[in-house]
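Below is one structure; the comments refer to it alone.
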2 protein chains.
Amino acid sequence: MEETDAQIIRLLSADGRMSFTDLGRATGLSTSAVHQRVRRLEARGVVRGYQAKLDHEAVGLGLTAFIAIRAIDPSQPDDSPERLRHLDAIEACYSVAGEESYLLKVRVPSTGALESLLAEIRAVANVSTRSTIVLSTYYENRPIGG
Amino acid sequence: MEETDAQIIRLLSADGRMSFTDLGRATGLSTSAVHQRVRRLEARGVVRGYQAKLDHEAVGLGLTAFIAIRAIDPSQPDDSPERLRHLDAIEACYSVAGEESYLLKVRVPSTGALESLLAEIRAVANVSTRSTIVLSTYYENRPIGG
DNA sequence: TCTGAAATTAACCCTCT
DNA sequence: AGAGGGTTAATTTCAGA
């Protein structure tokens with residue numbers, strides 16, 4: 001990865017709405033050159049899209065939790081990520097090394113909603129769950145380092 | 001939270017670079033009306049910024065891990081999040097309920113880098129660590145549901 | 001790959017409702 | 001709060017180096 005592309009990526013990681021004009025100024029390139037580079041990074045899949053960072057509390061999703069899951073029947077094929085994909089409370093799904101096989105990050109409005117989500121996860125994926133409740137978020141989704 | 005604002009938030013959560021013109025079309029409002037609403041959401045802190053979603057592998061940060069940390073000396077004031085803030089491999093820091101007090105999400109290039117990061121975390125914050133390595137990411141930072 | 005210029009479209013600000 | 005209009009600025013495409 002070239003230094004100019006790396007710089008563009010750092011800038012867009014910190015401000016996803018930065019204009020091509022400003023990106024050009026920051027990198028010392030013309031507007032059309034950065035435009036070309038950003039489009040190429042998007043086409044290659046290095047930049048996968050853009051997203052607003054939200055105050056989840058204000059949006060009514062004030063409860064965040066991490067849910068580690070473990071298959072109950074190890075002989076069954078384990079396609080939990082696909083089985084759980086439709087649950088839009090699940091913001092992220094990772095397969096992990098360790099005692100459990102997957103780790104989910106979820107956002108819900110309340111403990112009641114978390115309770116029903118857990119029931120649904122267990123039913124849909126035939127897994128046991130271990131939840132870790134987030135008490136407060138100090139920082140999150142920080143831009144990549146520079 | 002009003003339905004129109006909620007809709008704008010969902011749209012910007014899915015596409016942070018969506019134009020005010022398109023937001024207007026999608027919500028049935030004029031360009032200037034959505035413009036006004038988005039600026040208000042930003043001013044209130046509901047929208048905290050915008051960010052490019054990256055392929056971290058392509059950017060040279062192919063190793064993701066979750067690190068749960070626990071204070072070694074419970075009599076010391078526990079300001080780990082501030083002590084660790086300067087480490088830009090740490091993408092997120094949560095305080096959590098459970099056996100450990102904080103959960104970090106980190107991105108590094110290699111296991112070697114993870115090893116030195118762990119050493120630094122333990123030294124800087126005087127904590128013990130328990131790491132969970134991410135093997136693969138099925139989905140992540142999905143837009144909020146609707 | 002870059003620049004520079006031209007054409008199109010969007011952002012932004014203001015006023016009126 | 002929103003619509004409409006006018007000005008400024010950005011995006012996008014293209015020719016040329």
Side-chain angles (χ1 to χ4, degrees), chain A residues 1-62 109 140-146, chain B residues 1-62 109 140-146:
Chain A
M1 170 80 33
E2 224 174 325
E3 175 50 31
T4 306
D5 280 347
Q7 198 181 349
I8 290 172
I9 285 163
R10 278 195 298 271
L11 290 162
L12 286 176
S13 168
D15 178 6
R17 273 186 96 96
M18 194 168 181
S19 72
F20 296 108
T21 309
D22 288 347
L23 284 170
R25 269 194 277 270
T27 55
L29 257 57
S30 70
T31 304
S32 45
V34 282
H35 183 260
Q36 216 169 0
R37 277 173 180 267
V38 170
R39 291 294 179 248
R40 197 181 51 192
L41 289 167
E42 289 170 354
R44 285 184 190 159
V46 179
V47 171
R48 296 191 144 144
Y50 304 88
Q51 190 169 51
K53 295 202 275 188
L54 303 176
D55 176 349
H56 291 87
E57 180 116 28
V59 163
L61 296 169
E140 195 175 29
N141 284 340
R142 296 203 300 177
I144 61 169
Chain B
M1 172 80 32
E2 223 173 328
E3 176 48 32
T4 306
D5 280 348
Q7 199 180 349
I8 290 172
I9 285 164
R10 278 195 298 272
L11 290 162
L12 287 176
S13 168
D15 178 6
R17 271 186 98 96
M18 194 169 181
S19 72
F20 295 109
T21 308
D22 288 347
L23 284 170
R25 270 194 277 271
T27 54
L29 256 57
S30 71
T31 305
S32 47
V34 281
H35 185 261
Q36 211 171 359
R37 277 174 181 266
V38 171
R39 291 296 179 246
R40 197 181 50 192
L41 289 166
E42 290 170 353
R44 283 183 190 160
V46 179
V47 173
R48 295 190 146 147
Y50 305 88
Q51 188 167 52
K53 295 202 276 188
L54 303 176
D55 177 350
H56 290 88
E57 181 114 29
V59 164
L61 296 169
E140 195 176 30
N141 283 339
R142 296 203 300 179
I144 61 169

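Chain A is the first sequence line, chain B the second, and so forth, proteins listed ahead of strands; every chain is numbered from 1.
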Legend entry - Nearest-Å distance for atom pair CZ/P, residues B/Arg17 and C/dT9: 18 Å
Inset, instruction - Write down the distance between CG (A/Asp22) and C1' (D/dA9), rounded to a whole number of angstrom. - result: 11 Å
Inset, instruction - Quickly work out the B/Met18 CE to C/dA11 C1' distance and round it to whole Å. - result: 15 Å
Legend entry - Euclidean distance, atom CZ of residue B/Phe20 to atom C1' of D/dG4 [Å, nearest integer]: 18 Å
Legend entry - Rounded distance [0.5 Å steps], CG in A/Asp55 versus CZ in B/Arg44: 11.5 Å
Legend entry - B/Leu23 CG - C/dA10 P separation (whole Å): 12 Å
Legend entry - Whole-Å gap separating C1' (C/dC2) and CD (A/Glu2): 12 Å
Legend entry - Spacing of NZ belonging to B/Lys53 relative to CG belonging to B/Asp15, to within rounding of 0.5 Å: 9.5 Å
Inset, instruction - Give, for atom CG of A/Leu11 and atom OG1 of A/Thr27, the distance between the pair rounded to the nearest 0.5 Å. - result: 7.5 Å
Legend entry - Intermediate values then yes/no, side chain to side chain contact (heavy atoms under 4.5 Å, CB included), B/Val38 and B/Val47: CA-CA 8 Å; B/Val38 171; B/Val47 173; 5.8 Å; no
Legend entry - Backbone N/O of A/Met18 and side chain of B/Arg17: donor-acceptor pair under 3.5 Å: yes
Inset, instruction - With the side chain counted from C-beta on, respond yes when A/Arg37 and A/Leu29 share a heavy-atom pair under 4.5 Å apart, and no when they do not. - result: yes
Inset, instruction - List in numerical order all residues of residues 29-40 of chain B for which some heavy atom is under 4.0 Å away from an atom belonging to DNA chain C. - result: B/Ser32, B/His35, B/Arg39
